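Report on one structure; see the data block that follows.
As the structure is a prediction and not an experimental result, all values here were calculated from the model. Atoms within each ligand, like the ligands themselves, are counted from 1 in listed order.
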Amino acid sequence: MPRPYFEFLLSYNTDASYFPDVPDAAERSGVTIGVVNLQPRSVGTVRLASADPLDSPLIDPAYLSDQADVDLLVKGLRMAQQVAAAPALKPWAENIVPALDATDEEVAQHVRDDAAITFHSVGTVRMGRVDDPDAVLDPQLRVKGVQGLRVADASVMPDLIRGHTVAPSVFIGWRAADLITER
Ligand SMILES: Cc1cc2nc3c(=O)[nH]c(=O)nc-3n(C[C@H](O)[C@H](O)[C@H](O)COP(=O)(O)OP(=O)(O)OC[C@H]3O[C@@H](n4cnc5c(N)ncnc54)[C@H](O)[C@@H]3O)c2cc1C
């Protein structure tokens with residue numbers, strides 16, 4: 001089945017900081033077409049800072065560290081530009097940022113400077129097959145090598161689903177209850 005690469009989030013904004021390149025932005029309002037990469041390839045790390053369990057972990061999300069993510073977002077922004085420049089929106093689209101004639105490299109720079117996240121972090125304690133050496137959990141959500149400990153939240157997802165993460169997290173909790181009570 002074909003799977004989507006992008007989600008487009010359309011929002012109306014009166015906050016001038018959304019349009020840093022637009023003259024008189026404070027007196028204007030605008031529409032943002034957020035391009036969400038639904039399956040980023042960049043992978044971050046969560047590491048121990050020390051042997052003290054009360055120390056905060058070292059979290060490096062490594063956003064956009066894989067060039068493929070930048071390239072994909074450039075393609076998505078090109079699609080968003082087409083939508084913004086469509087005849088139906090033309091009367092309102094006085095300024096399109098990044099500009100329609102921006103080069104791919106300029107659009108890529110826009111991605112690197114202005115990209116934000118949608119807070120769908122997953123996979124730090126991923127589940128997997130018993131013989132998968134990189135899987136922290138077995139398919140019953142049990143921490144391998146530790147007695148009596150399961151994890152049931154978004155961190156167990158092996159990869160990011162191509163959608164938002166609350167509903168699957170609730171489902172994982174529901175499934176964990178079944179596994180624990182052996183229903
Ligand atoms: C700003 C923001 C917006 C988002 N918007 C959406 C959205 O629109 N749609 C969507 O699907 N997803 C959205 N998400 C993602 C979604 O919220 C998460 O994927 C989801 O909540 C993950 O569920 P979880 O159970 O893994 O973690 P959480 O929901 O973070 O639950 C962890 C719980 O553990 C508790 N906790 C932490 N430490 C301890 C401790 N030591 N003892 C006891 N309790 C503790 C916390 O208080 C919290 O209640 C958003 C996330 C953020 C941050």
Handout entry: Option set Leu160, Thr124, Val166, Val122, criterion heavy-atom distance to atom 12 (N) of ligand 1, minimum
Key = Val166
Problem - atom 1 (C) of ligand 1: any protein heavy atom closer than 4.0 Å - result: yes
Practice task
Using a distance threshold of 4.0 Å (strictly less than), state whether atom 42 (N) of ligand 1 has a protein heavy-atom neighbour.
Solution key: no
Practice task
Return yes or no for this condition: an N or O of Thr118 is under 3.5 Å from an N or O of ligand 1.
Solution key: no
Exercise for the section: Identify, by atom number and element, the atoms of ligand 1 in contact range of Ser169, meaning under 4.0 Å from any of its heavy atoms. Expected result: 22 (C), 23 (O)
Practice task
Using protein heavy atoms only, decide if any is under 4.0 Å from atom 49 (O) of ligand 1.
Solution key: no
Practice task
Determine yes or no for a side-chain-to-main-chain donor-acceptor pair under 3.5 angstrom, with Glu106 supplying the side chain and Thr103 the backbone.
Solution key: yes
Problem - Cationic N near anionic O, under 4.0 Å, Asp104 to Arg78 - result: yes
Exercise for the section: Establish whether atom 23 (O) of ligand 1 and some protein heavy atom are separated by less than 4.0 angstrom. Expected result: yes
Problem - Residues Arg126, Asp132: salt bridge by 4.0 Å N-O rule - result: yes
Exercise for the section: Look up atom 45 (C) of ligand 1 and tell me if a protein heavy atom lies less than 4.0 Å from it? Expected result: no
Exercise for the section: Tell me, yes or no, whether the heavy-atom count around Leu48 atom CG, taken from other residues, nucleotides or ligands under 6.0 Å, exceeds 12. Expected result: no
Fill in the blank from the handout: Value for CZ (Arg150) from CD1 (Ile172), rounded to nearest 0.5 Å, stands at 14.0 Å
Problem - atom 26 (O) of ligand 1 touched by protein (heavy atom, under 4.0 Å) - result: yes
Exercise for the section: For Ala154, take its heavy atoms, then give the atoms of ligand 1 lying under 4.0 Å from any of them. Expected result: 22 (C), 26 (O)
Practice task
Please check if atom CZ in Arg41 has more than 12 non-hydrogen atoms from other residues, nucleotides or ligands closer than 6.0 Å.
Solution key: no
Completion exercise
The atoms of ligand 1 lying under 4.0 Å from a heavy atom of Asp153, numbered in the order shown, are 24 (P), 25 (O), 26 (O)
Completion exercise
Taken to the nearest 0.5 Å, the spacing of His110 NE2 from Glu105 CD works out to 13.5 Å
Exercise for the section: Compare all side-chain heavy atoms of Met157 with those of Thr165 and state whether any distance is below 4.5 angstrom. Expected result: yes
Completion exercise
In this structure, atom 9 (N) of ligand 1 is nearest to the protein heavy atom His164 ND1, 3.3 Å
Practice task
Indicate whether atom 18 (C) of ligand 1 is within a distance of less than 4.0 angstrom of some protein heavy atom.
Solution key: yes
Problem - Identity and separation of the nearest protein heavy atom to atom 51 (C) of ligand 1 - result: Phe119 CB, 3.4 Å
Problem - Derivation of the side-chain hydrogen bond (donor to acceptor under 3.5 Å, both in side chains) call for Asp52 and Ser50 - result: CA-CA 5 Å; Asp52 182 347; Ser50 74; 5.3 Å; no
Handout entry: Side chain Ser42, main chain Asp66, donor-acceptor under 3.5 Å
Key = yes
Practice task
For atom 33 (C) of ligand 1, decide whether some protein heavy-atom distance is shorter than 4.0 Å.
Solution key: no
Handout entry: Residue and atom name of the nearest protein heavy atom (relative to atom 6 (C) of ligand 1), distance in Å to one decimal
Key = His120 NE2, 4.1 Å
